[in-house]
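What follows is a set of notes on a single structure, which appears directly below.
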Amino acid sequence: MPTHPQESDRAASDPVAPVPEGAGRPPRGDLPQPGPPRPEAANGEPGPDAAGPGRAEDDHTTAIKELEDRWRRALADLDNLRKRHARELERERAVERSRTAAAFLPVLDNLELALTHAGADPGAIVEGVRAVRDQAVNVLELLGYPRHAETGVAFDPALHEVVGVVQDPDAPPGTVVQVLRPGYGDGDRQLRPAAVTVAKRE
């Protein structure tokens with residue numbers, strides 16, 4: 001009577017067990033495993049991370065160098081402007097000093113002329129000195145510094161400096177009685193105020 005081998009004996013005798021259709025095979029250890037997809041831009045080109053961090057660091061370094069170069073150029077331009085302004089200011093000061101000194105040269109000439117004739121006519125020296133004084137006052141006025149030596153005017157703290165108070169029945173209180181030292185200039189262009197005595201208030 002023929003005998004049939006059992007199912008277990010048949011499976012053991014087959015070297016390879018059949019794989020059902022549609023079933024996947026397990027991955028083998030010697031094959032590379034698929035990794036996550038690399039980022040790509042919308043147009044299919046590699047994304048910003050594809051170039052790596054080295055490209056970004058180079059761009060940052062270049063930008064910093066450009067900013068430093070602009071900063072150094074701006075400092076150099078500012079220093080040149082400051083030096084040019086200082087030279088122009090010094091030149092203007094020199095021109096103004098020269099103009100002022102030249103305006104007083106005729107005054108010195110008249111003083112020397114008065115001293116020359118003082119020996120021949122001593123009485124003429126007074127008139128000569130007075131004329132020179134008037135000329136010097138005129139020069140200061142032309143330069144923008146008018147003389148203030150008026151009496152009988154009301155005291156003005158912007159023009160006068162009180163050095164004394166006197167009792168004068170003929171002068172209204174608070175008026176200038178005597179000018180001890182004339183003042184020159186007005187407002188911001190004042191060389192000095194006039195030193196005066198003022199009538200006392202009752």
Residue pairs passing the salt bridge (Lys or Arg N to Asp or Glu O under 4.0 Å) test where at least one lies in residues 161-186, sequence neighbours excluded: Glu161-Arg181
Shared-cluster residues of Val165, by chain and number - hydrophobic side chains joined below 4.5 Å: Val153, Phe155, Val162, Val176, Val179, Val196, Val198
Enumerate, atom names and distances included, each donor-acceptor pair closer than 3.5 Å involving a side-chain atom of residues 86-93, sequence neighbours excluded.
from  : atom 1 : to    : atom 2 : distance (Å)
Glu90 : OE2    : Arg97 : NH2    : 3.4

Listed once per pair and sorted, the ring pair (Phe, Tyr, Trp, His ring centres under 6.0 Å) pairs that draw on residues 119-153, sequence neighbours left out: none
side-chain contact (heavy atoms from CB on, under 4.5 Å) partners for Arg147, two or more places apart: Arg133, Val137, Ala149, Pro182, Tyr184
Pairwise distance CG(Leu111) to OG1(Thr116) - rounded to 0.5 angstrom: 10.5 Å
Pairs flagged by side-chain hydrogen bond (donor to acceptor under 3.5 Å, both in side chains) wherever residues 100-111 is involved - sequence neighbours left out: Asn110-Gln135
Shortest non-hydrogen contact from Pro106 toward Ala102: CD-O, 3.5 Å
Side chain proximity check, Leu115 to Glu112, heavy atoms < 4.5 angstrom: no
Residues in side-chain contact (heavy atoms from CB on, under 4.5 Å) contact with Gln190, at least two apart in sequence or another chain: Leu159, Pro193
side-chain contact (heavy atoms from CB on, under 4.5 Å) partners of Asp79, counting only residues at least two apart: Arg82, Lys83
Which residues share a side-chain contact (heavy atoms from CB on, under 4.5 Å) with Val139, sequence neighbours left out: Ala103, Phe104, Val107, Leu143
Set of side chain to side chain donor-acceptor pair (under 3.5 Å) partners for Arg73, sequence neighbours left out: Asp69
Residues that, via side-chain heavy atoms closer than 4.5 angstrom, fall in one hydrophobic cluster with Val177: Val166
Side-chain donor/acceptor of Thr61 to backbone N/O of Glu57, under 3.5 Å: yes
Other cluster members, Trp71 - Ile/Leu/Val/Met/Phe/Trp/Tyr, side-chain contacts below 4.5 Å: Leu75
Reported OG1-to-CG distance for the pair Thr62 and Leu67, which is rounded to 0.5 angstrom: 11.0 Å
Side-chain donor or acceptor of His160 paired with backbone N/O of Asp156 under 3.5 Å: yes
Glu68 bridged to Lys65 by N-O distance under 4.0 Å: no
